[in-house]
Visitor: 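Have a look at the structure that comes next, please.
Reminder, nothing fancy here: chain letters follow the sequence lines and each chain counts from 1.
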Amino acid sequence: MEQYLIYNTLSYPILSVVLGIPLVGALIAIFLKGDGLLKSWGLLVTLVTAVVSLPLYIRFDPSTAKYQFAEVYRWFPALHLNFSVGVDGISVLLVLLTTFVMPLCILCSWNYIKDRFKEFIFVVLVMEAAMLGVFICLNTFLFYIFWEAMLIPMYLLIAVWGGQRKDYASIKFFIYTLTGSVFLLVAIIALFIKTGTFFIPELMAHHYSYQYQMWIFLACALAFAIKIPMFPLHTWLPAAHVEAPTAGSVILASILLKMGGYGFLRFCLPMAPAAALTCMPYLLALSIMSIIFGGYLALGQSDIKKLIAYSSVGHMGFVTLGIFLLNVQGIKGAMLQMINHGITTGALFICIGIIYERTHSREIKDNSALGMMMPIYITFLGIFTLSSFAFPGTNSFVGELLVLIGAFSKYKLVGALAIPGAILAAAYMLRLFQKMAWADSDGHAHHHDDGDHHALKDLNGREIVTLLFLTVFVFWIGLHPAPLLKVMDASVTHLVDQVNSGMQHLPPMEHHEHHAWLLQVGSLLKKLVVF
Amino acid sequence: MHLSLFLPELVLILMVVVLFFASLGNIKAGSLQGITLVLAALATLAAVATFKQQGLMFYEAYRVDVYSQIFKIIITGSLFLVVFLGPGLSGVERQVKPEYYLFLTISSMGLVFLSSAVELLTILLSLEISSYALYVIIPLRRQDGFRIQMEAGIKYVLFGAFSTGITLFGISYIFGLTHSTYLTDLTKVIPGLLTSQPLAIIGMVMMLCGFFYKLAMFPMHFWTPDIYQGAANETTTFIATVPKVGAVALLIRLVFLVGVDVSQFTWVLAAFAVLSMTIGNLSALVQNDLKRLLAYSSIAHAGYVMVGILSVGELGTSSAIYYILGYVIMNLACFYAIYNLAPEGGNVTFADLKGLHRRSPLLAFTLGAGAFGMAGIPPTVGFTGKFVVFTAAIQKGFYALVILGVINAAISAFYYLKMVRAAYSQDDEQQQDKVSLGISAQLLGIALILAIVLIGIFPQSFIELAKQAVAVL
């Protein structure tokens, strides 16, 4: 076990503490009374978690692919089960994303949530603990526990504080995700029986036969493809996003969707590399479909939240595209794209929540021409709009660029097919922004307008702080992505090595066959274009 | 023969005698429950005290060992909880309350006998003692102008008699083939017979039917929904928990007879398990009465337990024991909510659950813990139970069985979630009256929640115990 881990050298067990603070905070919240106190408590707990998690970045050693800050405790010896946690270059950024987004979730719910504050704070804090657990655990059993434990608070967030069709959306979310993850459970048990361990690094080091890899890959990929979500398994996402309260949407978009990508990187690629290579063309095709369909569907939405939800499908298509290019640029781009999507789309959902609190409508036509009344709001919305369609200088540009570089360096056709997705993103985001900022500039578009154009208050201090915080990251990553790329460098390179070592296990015929398959599609498309 | 071996049974017999005399007099319901609780606690303590005892009694027909004692602890403990859960017996006719406790105890006593019985006729007698007591208490529901409990009682008797007949028929085959009714003798010859004599497989399967009936497993599951619905809430709570433990105890013993590798026999059981899960889960999807829903859910859970039982071996069998323990706790949590929601003893539907989180947060949370547990969502005992059961099954190579099992788990999540949804997200303007819980009921609710979560997170000591028990088989 030692060769995979670097034990924690800080004076305190940082990962356990980061995991424990929200959990203890949630338990204490049960005994608190008063909405104001509960809100402040929630904010305090999430902020403390964020601050405590900072050393993970500062003291992180980017030169190694080993799991750092590791802790191992005995837990369930009958099944050789340890409580083992640690982070590498892939998970550390997602841990930080989680700890930093959660305070914003509390902030953006300050006035949005009207009742049952105690339960809300409890659920959000439990959710944070479960999500952190998924990213830091090094044990498949623990991973599954956290993975599933996340469902309950998320379900409650939608079902209790959701919109009108919350029953439908919450059940759909639950059943979809659960169906996927029960197959993950079978894969986890099968791996355990085969190798006698739940420890992820050992499972990665083990070599499995090609057929066995295929089964493991398919079982895991189904679970992660639903979570991320990939076309055609994405239909739960718009429903869940639209009905969830703002905090729920932000958690869903910023963190939950990332678990699918993280799962691909942690399970599918290193444990079943040969299967990943075989399935690559199909998954690339599905990714491109996600990009195009997500963008195309977003173009037709009249509900702002639905529009952003479909745009998430497209963005996550870029993530899976990057992952299954199976080269360093692609995976780095995908990782960066996950972080970016967490920042930008999270911010957009906060923006929608802000406007919904004021106009009580999510329709574009009810929220048009805000430029005159809410200049600060529109400024922020503009920044995040630009970021969302990957305008140069913003964070998403770097991520998308890396993915596209990876794509063109591997298969030019794949790169070319992904480009229309990027154009679509500009189209639907600019259309949204244009209508919200300028359309009907006579200023009479609002039901709640009292006639002198001042019914809508611009952002208050709390909202400005929330959005400003995310804006900083939009430009920081956009202009200076090097530190983040450096953190993930060693781990991603190691991962790509692992995948390439799987090449030997691949039946040689297969590899050529799917090459041919791609070329065939290419020539078919060429004919179509010429025709 | 050492009398201390028989201590838990003696306490239960004492309890029966005391309750019999109580039924002759006129005792207040409160003190009656007190007496029953104290005696049930004593029986549990006796079972715990004799945990490490070993020995054979009654011409070697009755065996006391770690395995039997662990089941006795679960059975007497569940009896205690069932009595504790229903203070006042609001669903039972007033004048028969002492008799109600009396027959409840007799039924548990039969099951305690069952967990130690190692001879076929003793097994049958124990099974019948437990069943006859139940035949009596099902119609004891308070009559409010409807006679649904009579229908339930008749059905239970008829199905019970039918299944006992089949079991006896099976035993006659086995006896005819082996010339013995002692399990120790059967162990030596049955595995050989199963491969050479098709009759032995038929005999074994027919013999198991009586226990399938108690466990509410396919193909003897038909009685479940009607009896659950028709019996008083207290009675259903009992039927849904305690007899199942006894049935599992015996099923494990009988399946162990066969040994590990008899494929035809395993396939029959596997088919029953899959059908049980599928029928139970699909039928539960459309139920409106919570007790009917839990009836179908119990059919489904019988299937999961069977997966553990037929993965014969250290892990498989101990996983079945762990699973049934968890199932009892989760079921108690759900029935705890039902019982407290219907102080008049009526049946509870989804409409009654609406807005429960406002009317009683604790009740809603207990129901939620039970429902999420039964759906197999971590970190609950239901998840850990499913996990060890499926691990044991994959170890045996039953991949298809496990995949069908997990698909079923996903289906079942829908109706468990429907319960949580009704309790948490649907508000009803008319249903605003608070549900008041006594201090003891509150403590029980908290204890059930803690048990569901803690046994799920720290399964180690329970699995160890179960493994010790399996080792003596």
Side-chain angles (χ1 to χ4, degrees), chain A residues 30 74-79 81 83 115-116 118-119 122-123 126 130 133 141-152 155-162 166-168 170-194 196 198 215 219, chain B residues 314-315 318-319 322 357-358 361 364-365 368-369 371-372 375-380 383-384 386-397 399 402-403 405-418 420-427 456-464 466-467:
Chain A
I30 296 179
R74 270 163 59 88
W75 177 29
F76 186 16
L79 289 175
L81 198 55
F83 178 87
D115 57 347
R116 287 192 252 169
K118 179 181 287 189
E119 288 90 340
F122 179 79
V123 162
V126 170
F141 183 79
L142 217 51
F143 180 89
Y144 189 78
I145 288 196
F146 286 124
W147 177 272
E148 291 283 85
M150 234 161 42
L151 285 184
I152 303 175
Y155 166 78
L156 289 175
L157 267 182
I158 302 175
V160 177
W161 293 277
K166 59 187 181 181
D167 283 353
Y168 167 76
S170 56
I171 289 254
K172 194 170 181 183
F173 160 77
F174 199 99
I175 300 290
Y176 250 93
T177 324
L178 187 73
T179 312
S181 48
V182 288
F183 289 97
L184 179 65
L185 178 65
V186 177
I188 286 174
I189 298 177
L191 282 168
F192 169 65
I193 301 292
K194 185 102 177 167
F198 287 109
W215 285 110
Chain B
E314 196 189 29
L315 186 64
S318 52
S319 74
Y322 179 80
H357 68 93
R358 264 185 223 285
F365 199 73
F372 278 123
I377 310 294
T380 60
F383 164 71
T384 318
K386 281 206 176 71
F387 184 82
V388 282
V389 164
F390 290 150
T391 306
I394 289 191
Q395 219 165 31
K396 290 273 167 184
Y399 283 95
V402 171
I403 288 181
V406 294
I407 291 175
N408 260 296
I411 297 174
S412 73
F414 180 76
Y415 59 85
Y416 292 124
L417 221 57
K418 243 166 76 177
V420 180
R421 178 176 68 171
Y424 272 96
S425 74
Q426 292 172 340
D427 277 332
I457 300 179
F458 303 106
Q460 177 61 24
S461 48
F462 294 90
I463 294 270
E464 272 315 312
K467 279 190 175 166

Visitor: State, with a plain yes or no, whether a side-chain heavy atom of B:L417 is found less than 4.5 Å away from one of A:I171.
Guide: yes
Visitor: Examine whether an atom of B:I411 lies under 4.5 Å from a heavy atom of chain A, and if so say whether it belongs to the side chain, the backbone or both; otherwise answer neither.
Guide: neither
Visitor: Would you indicate whether the side-chain heavy atoms of B:I407 and A:T179 approach each other to under 4.5 Å?
Guide: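 Result no, sub-4.5 Å side-chain heavy-atom pair not found.
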Visitor: Within the 4.5 Å heavy-atom criterion, are B:F372 and A:L151 side-chain neighbours or not?
Guide: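 B:F372 does not reach A:L151 side chain to side chain.
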Visitor: If you measure from OG1 on B:T380 to CD on A:E148, what distance do you get to the nearest 0.5 Å?
Guide: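 So the gap between those two atoms works out to 10.0 Å.
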Visitor: Is chain A contacted by the side chain of B:K386, its backbone, both, or neither, given a heavy-atom distance below 4.5 Å?
Guide: neither
Visitor: If you take all heavy atoms of B:I394 and A:V186, which pair is closest and at what distance?
Guide: CD1-O, 4.0 Å
Visitor: Any idea which of A:L156, A:L178, A:I188, A:V160 has the most non-hydrogen atom pairs under 4.5 angstrom with chain B?
Guide: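 That would be A:L178.
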Visitor: Could you grab the distance from atom CD of B:Q460 to atom CZ of A:R74, nearest 0.5 Å is fine?
Guide: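 Rounded to the nearest 0.5 Å, the CD-CZ separation comes to 7.5 Å.
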Visitor: Under a 4.5 Å heavy-atom cut-off, does chain B meet the side chain of A:L185, its backbone, both or neither?
Guide: side chain
Visitor: Locate the shortest heavy-atom distance separating B:A410 from A:I175; write the atom from each residue and the value.
Guide: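 The pair with the smallest heavy-atom distance is O-CD1, 4.2 Å.
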Visitor: Is it true that, when you exclude A:Y176 itself, more than 12 heavy atoms of the residues, nucleotides or ligands shown sit nearer than 6.0 Å to its OH?
Guide: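 Above 12, so yes.
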Visitor: Applying side chain to side chain contact (heavy atoms under 4.5 Å, CB included), run through B:V420 and A:F174 and close with a yes or a no.
Guide: CA-CA 12 Å; B:V420 180; A:F174 199 99; over 6 Å; no
Visitor: Would you mind checking which part of B:F390 comes under 4.5 Å of any heavy atom in chain A, side chain (CB onward), backbone (N, CA, C, O), both or neither?
Guide: both
Visitor: Report the distance from atom NE2 of B:H357 to atom CZ of A:R116, rounding to the nearest 0.5 Å.
Guide: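 Spacing of NE2 (B:H357) from CZ (A:R116) equals 3.5 Å.
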Visitor: If you compare all heavy atoms of A:I152 against all heavy atoms of B:P378, which two are closest, and at what distance to 0.1 Å?
Guide: CD1-O, 4.1 Å
Visitor: Verify the neighbour count for atom OH of A:Y168: are there more than 12 heavy atoms of other residues, nucleotides or ligands below 6.0 Å?
Guide: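 Not more than 12 within 6.0 Å, no.
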Visitor: Quick one: pull up CD1 in A:I145 and OG1 in B:T384 and give me the separation to the nearest 0.5 Å.
Guide: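 Spacing of CD1 (A:I145) from OG1 (B:T384) equals 6.0 Å.
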Visitor: I need the residue from B:G376, B:P459, B:P361 with the largest number of non-hydrogen atom pairs under 4.5 Å to chain A.
Guide: B:P459
Visitor: Using non-hydrogen atoms only, which part of B:F414 is less than 4.5 Å away from chain A: side chain, backbone, both, or neither?
Guide: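 Looking at B:F414, backbone and side chain both touch chain A.
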Visitor: Would you mind reporting whether B:F387 and A:F192 have side-chain heavy atoms less than 4.5 Å apart?
Guide: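 Of all side-chain heavy-atom pairs linking B:F387 with A:F192, none is under 4.5 Å.
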Visitor: Grab the two heavy atoms, one from B:T391 and one from A:I189, that are nearest each other, plus how far apart they are.
Guide: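 Result for this residue pair: CA-CG2, 3.4 Å.
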Visitor: Between A:Y155 and chain B, which part of the residue has a heavy atom less than 4.5 Å away: side chain, backbone, both or neither?
Guide: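 The side chain, not the backbone.
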